[in-house]
Amino acid sequence: MTSTLTPQPVERAKPARTGAAPRRRTRVLALPEVRWATAATVFFLLALPLQLTGAPAWTWGPLYALSYVTGGWEPGWEGLKALKERTLDVDLLMVVAALGAASIGQVMDGALLIVIFATSGALEALATARTADSVRGLLDLAPATATRLTPDGGEQTVPVEELSVGDTVLVRPGERVGADGRVLDGASDVDQATITGEPLPAAKEPGDEVFAGTLNGTGALRVRVERDASDSVIARIVRMVEEASETKAPTQLFIEKVEQRYSLGMVAATLAVFLVPLALGEQLTDALLRAMTFMIVASPCAVVLATMPPLLSAIANAGRHGVLVKSAVVMERLGQVDAVALDKTGTLTEGSPRVTDVRPLTGSGLDEASLLTLAAAAERPSEHPLARAVVDAARERGLDLPGAEDFTSAPGVGVTAVVNGRGVAVGAPARLLDGTGSTVTAVAGELEESGRTAVLVLVDGVPAGLLGIADRLRPDAAATVAALTTLTGTAPTLLTGDNPRAAAHLAAEAGIDDVRAGLLPQDKLTAVQEMEGAGRKVLVVGDGVNDAPALAAAHTGIAMGRAGSDLALETADAVIVRDELAAVPTTVALSRRARRLVVQNLVIAGVFIAGLVVWDLAGNLPLPLGVAGHEGSTVLVGLNGLRLLRESAWQRAAAEGTG
């Protein structure tokens with residue numbers, strides 16, 4: 001059972017209230033697959049206790065029959081349509097096997113098989129619908145309307161679809177940019193993490209490019225539109241996700257890859273077992289019984305169930321440790337990866353800026369504590385992420401912050417305030433000083449070379465010191481990179497929209513040599529496609545909207561769950577719910593253990609099937625004994641697969657990942 005994202009017409013929905021984007025989620029019971037699977041499960045759960053408690057067959061028999069019908073009619077119908085195209089799929093075979101089990105009295109076993117397959121199809125349908133919801137909802141990031149400036153200086157509020165290339169729009173503080181364009185006038189800090197993944201707002205001034213859907217800071221901007229709404233970066237991300245999902249190769253479990261040959265062979269062999277003895281004069285009843293026994297012992301039930309329990313057990317174990325793997329196919333594919341591409345902000349890093357350096361200048365008369373106190377006191381009224389980082393650093397050190405007076409904020413420049421009677425200014429060195437002294441330039445350059453954002457502190461108009469601010473590497477990032485290198489034999493690649501210097505410094509800390517920085521979403525997608533084109537099976541780990549096309553195109557995608565965007569979470573094949581990066585290599589190692597157990601189980605199931613088939617053909621295998629042997633092999637491989645439910649399985653996978 002496979003599924004791909006099917007593009008659907010996208011219509012912009014108007015928010016229900018200012019600042020709130022509508023939530024476009026398909027209701028679970030709106031999907032027919034879910035309704036049929038639910039009905040089949042309910043009927044099965046009603047019938048099972050009645051049968052086990054010895055109730056008359058007329059009480060539970062009709063309930064099992066309803067379970068067969070509600071859960072099996074759709075795969076059966078699809079299988080019949082496939083037969084018309086001269087293909088035989090495993091769904092139809094499972095329905096036939098379930099009916100065969102019922103015909104020899106194994107009604108409950110057949111119903112259970114029907115319920116398992118119906119539930120699997122419902123889960124895939126739901127995952128596909130939710131992914132499509134997130135893709136369509138991505139356009140809600142861009143505002144529905146924009147303020148267009150007329151040639152006579154007036155203002156018009158118009159739908160963004162009516163904006164044309166060359167129009168000028170006004171973006172007020174706190175508004176989202178309505179169209180891709182270039183700043184004509186004004187200065188501000190714009191949060192464009194949805195597009196580039198950068199952790200800090202980017203300073204914008206005349207001549208700089210801005211993107212639709214990004215969030216303006218405290219300044220007003222006049223922007224000349226350079227792209228139609230249908231060709232904006234955010235709209236292109238939607239198309240890239242849809243196209244990547246549509247062209248991504250359909251995935252199958254290992255057993256499904258051989259289902260055609262096995263299914264056709266089993267059907268042909270069953271007919272031969274019935275017709276050949278009949279032609280040689282055997283009684284019709286005896287020939288039919290032998291053929292029925294053959295079909296039961298040779299049916300792929302045990303083989304399919306040999307495949308599923310290890311994968312489902314691995315999914316359950318991973319779920320207990322904060323990793324949501326969306327299907328058995330995904331769990332199987334995770335063990336195949338041989339290359340890894342990592343996002344930076346929010347994936348390798350914590351995703352929020354922190355003060356890493358406090359550098360008082362010689363002659364300022366300030367130590368680290370007093371410099372940070374003055375800077376934090378001045379920044380405390382500001383809403384800028386850098387300001388919050390400075391204030392948080394002061395609080396972490398237990399510093400008492402005095403009150404600030406006459407606070408002002410200049411977009412793209414910094415803040416000024418009076419603290420304890422002293423004028424304090426905090427902001428970008430290049431903006432606060434016209435002619436920067438050699439000492440300030442040297443310290444700022446040193447900080448920036450090491451991947452920090454340099455922030456200058458002026459006290460009474462004189463440079464007093466600098467602060468270094470950066471997004472901090474996750475504590476387990478270096479160990480995770482080393483583990484992934486061990487598992488795949490190749491060091492991961494870093495794909496980021498951040499600037500090259502910051503990316504290179506962080507990659508060096510994490511142990512990554514291949515760094516590709518300054519990438520837009522389409523560039524990340526291209527990088528992954530190039531790796532896939534070279535024959536690699538790429539695992540992409542990311543968290544943002546800008547990672548979604550790469551997540552969709554990759555062999556397997558994993559999203560960081562705590563701060564991940566809705567689109568990334570729905571597009572990815574698995575989600576790290578607790579944001580523990582070390583869970584990535586452990587899950588890959590667990591998948592490989594599951595794949596090894598699948599092979600073991602297939603060998604066990606194959607030995608049982610071969611033995612029973614030989615007995616039936618060469619001797620006289622009693623039907624009850626054939627059923628017992630068939631069901632026994634199923635139980636055996638099922639119990640073998642359940643070994644991965646144990647806590648020790650996760651621990652061994654973690655050790656394998658780090659070993």
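As a basis for the values below, the full set of heavy atoms in this structure was taken, side chains included, without hydrogen atoms, waters or symmetry mates.
Atom CD of residue Q529 and atom CG of residue L525 lie 4.0 Å apart, to the nearest 0.5 angstrom. Taking CG of D543 as the reference point, atom CG of D343 lies at 5.5 Å (rounded to 0.5 Å). Annotation: the span from L221 atom CG to E175 atom CD amounts to 10.0 Å, rounded to 0.5 Å. Distance check, rounded to the nearest 0.5 Å: CG of L371 to CG of L467 gives 5.5 Å. Considering OG1 of T453 and CZ of R501, their distance stands at 9.5 Å, rounded to 0.5 Å. Rounded to the nearest 0.5 Å, atoms CZ (R395) and CG (L372) are 11.5 Å apart.
At least one side-chain heavy atom of L170 sits less than 4.5 Å from a side-chain heavy atom of R172. Two residues are said to be in side-chain contact when any heavy atoms from C-beta on lie closer than 4.5 Å; V528 and L495 meet this criterion. Residues P463 and L458 have side chains in contact (heavy-atom distance under 4.5 Å, counting atoms from C-beta outward). Between R472 and T356, the closest side-chain pair of non-hydrogen atoms is not below 4.5 Å. You'll find the side chain of V481 reaches within 4.5 Å of the side chain of L342, heavy atoms only. At a threshold of 4.5 Å between non-hydrogen side-chain atoms, the residues L590 and W650 count as touching.
Of the possible donor and acceptor atoms, one in the side chain of R333 sits under 3.5 Å from a partner among the backbone N and O of H555. Formation of a donor-acceptor pair under 3.5 Å by the T373 side chain with backbone atoms of A369 is found in this model. Between the T488 side chain and the L484 main chain, a donor and an acceptor come within less than 3.5 Å of each other. Side-chain N or O atoms of T347 include none that pairs as donor or acceptor with a backbone N or O of K344 at under 3.5 Å. A donor-acceptor distance shorter than 3.5 angstrom exists from the side chain of D460 to the backbone of G423, with no hydrogens or angles considered. Between the D180 side chain and the A212 main chain, a donor and an acceptor come within less than 3.5 Å of each other. Although no hydrogens or angles enter the test, the distance criterion places no donor-acceptor pair under 3.5 Å between the side chain of K204 and the main chain of G186.
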Test side-chain contact (heavy atoms from CB on, under 4.5 Å) applied to E155 and L149, step by step: CA-CA 5 Å; E155 298 180 4; L149 300 179; 3.8 Å; yes
T147/V169 under side-chain contact (heavy atoms from CB on, under 4.5 Å): CA gap, chis, key distance, verdict: CA-CA 5 Å; T147 302; V169 296; 5.9 Å; no
D189/T218 under side-chain contact (heavy atoms from CB on, under 4.5 Å): CA gap, chis, key distance, verdict: CA-CA 7 Å; D189 294 313; T218 57; 5.5 Å; no
Chi angles and distances behind the side-chain contact (heavy atoms from CB on, under 4.5 Å) call for R354, D392: CA-CA 8 Å; R354 294 178 179 271; D392 289 344; over 6 Å; no
D367 and S370: CA distance, side-chain angles, deciding distance, side-chain hydrogen bond (donor to acceptor under 3.5 Å, both in side chains) verdict: CA-CA 5 Å; D367 58 14; S370 55; 2.6 Å; yes
Salt bridge (charged side-chain N to carboxylate O under 4.0 Å, His left out) between D357 and R452, worked out: CA-CA 9 Å; D357 302 83; R452 272 66 168 162; 3.1 Å; yes
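Remark: E446 pairs with R359 by the side chain to side chain contact (heavy atoms under 4.5 Å, CB included) rule, at least two apart or across chains. Residues satisfying the side chain to side chain contact (heavy atoms under 4.5 Å, CB included) criterion with A477, sequence neighbours excluded, are L348, L473, R474, L581.
Here the options are V323, T556, D573, V584, the test is side chain to side chain contact (heavy atoms under 4.5 Å, CB included), and the partner is L334; only T556 passes. With respect to L361, the side chain to side chain contact (heavy atoms under 4.5 Å, CB included) criterion is satisfied by exactly one of V462, L466, V457: L466.
Taking all atoms of both residues into account, the shortest heavy-atom contact from I558 to A572 is C-CB, 4.1 Å. Closest approach of A464 to L366, counting heavy atoms only: CB-CD1, 3.8 Å. The shortest non-hydrogen separation linking M560 to G346 is CG-O, 3.8 Å. Between A203 and D208, the closest heavy-atom pair is O-OD2, 3.6 Å. A517 and A503 make their closest contact through CB-CB, 3.8 Å (heavy atoms, listed as atom of the first residue, atom of the second, distance). The minimum heavy-atom distance between A649 and N317, with the atom names listed, is CB-ND2, 3.8 Å.
Of the N and O atoms on the side chains of N216 and S188, at least one donor lies less than 3.5 Å from an acceptor on the other residue. Residues E448 and H505 have side chains that never bring a donor and an acceptor to within less than 3.5 angstrom of each other.
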Expected list for residues 401-408: side-chain donor-acceptor pairs under 3.5 angstrom, two or more places apart:
| unit_1 | atom_1 | unit_2 | atom_2 | d |
| --- | --- | --- | --- | --- |
| T408 | OG1 | T416 | OG1 | 2.3 |

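Counted within 6.0 Å of CG on D513, heavy atoms from surrounding residues, nucleotides or ligands total 12 or fewer; the atom is thus considered open.
A salt bridge links D547 with K524; the closest basic N to acidic carboxylate O contact falls under 4.0 Å.
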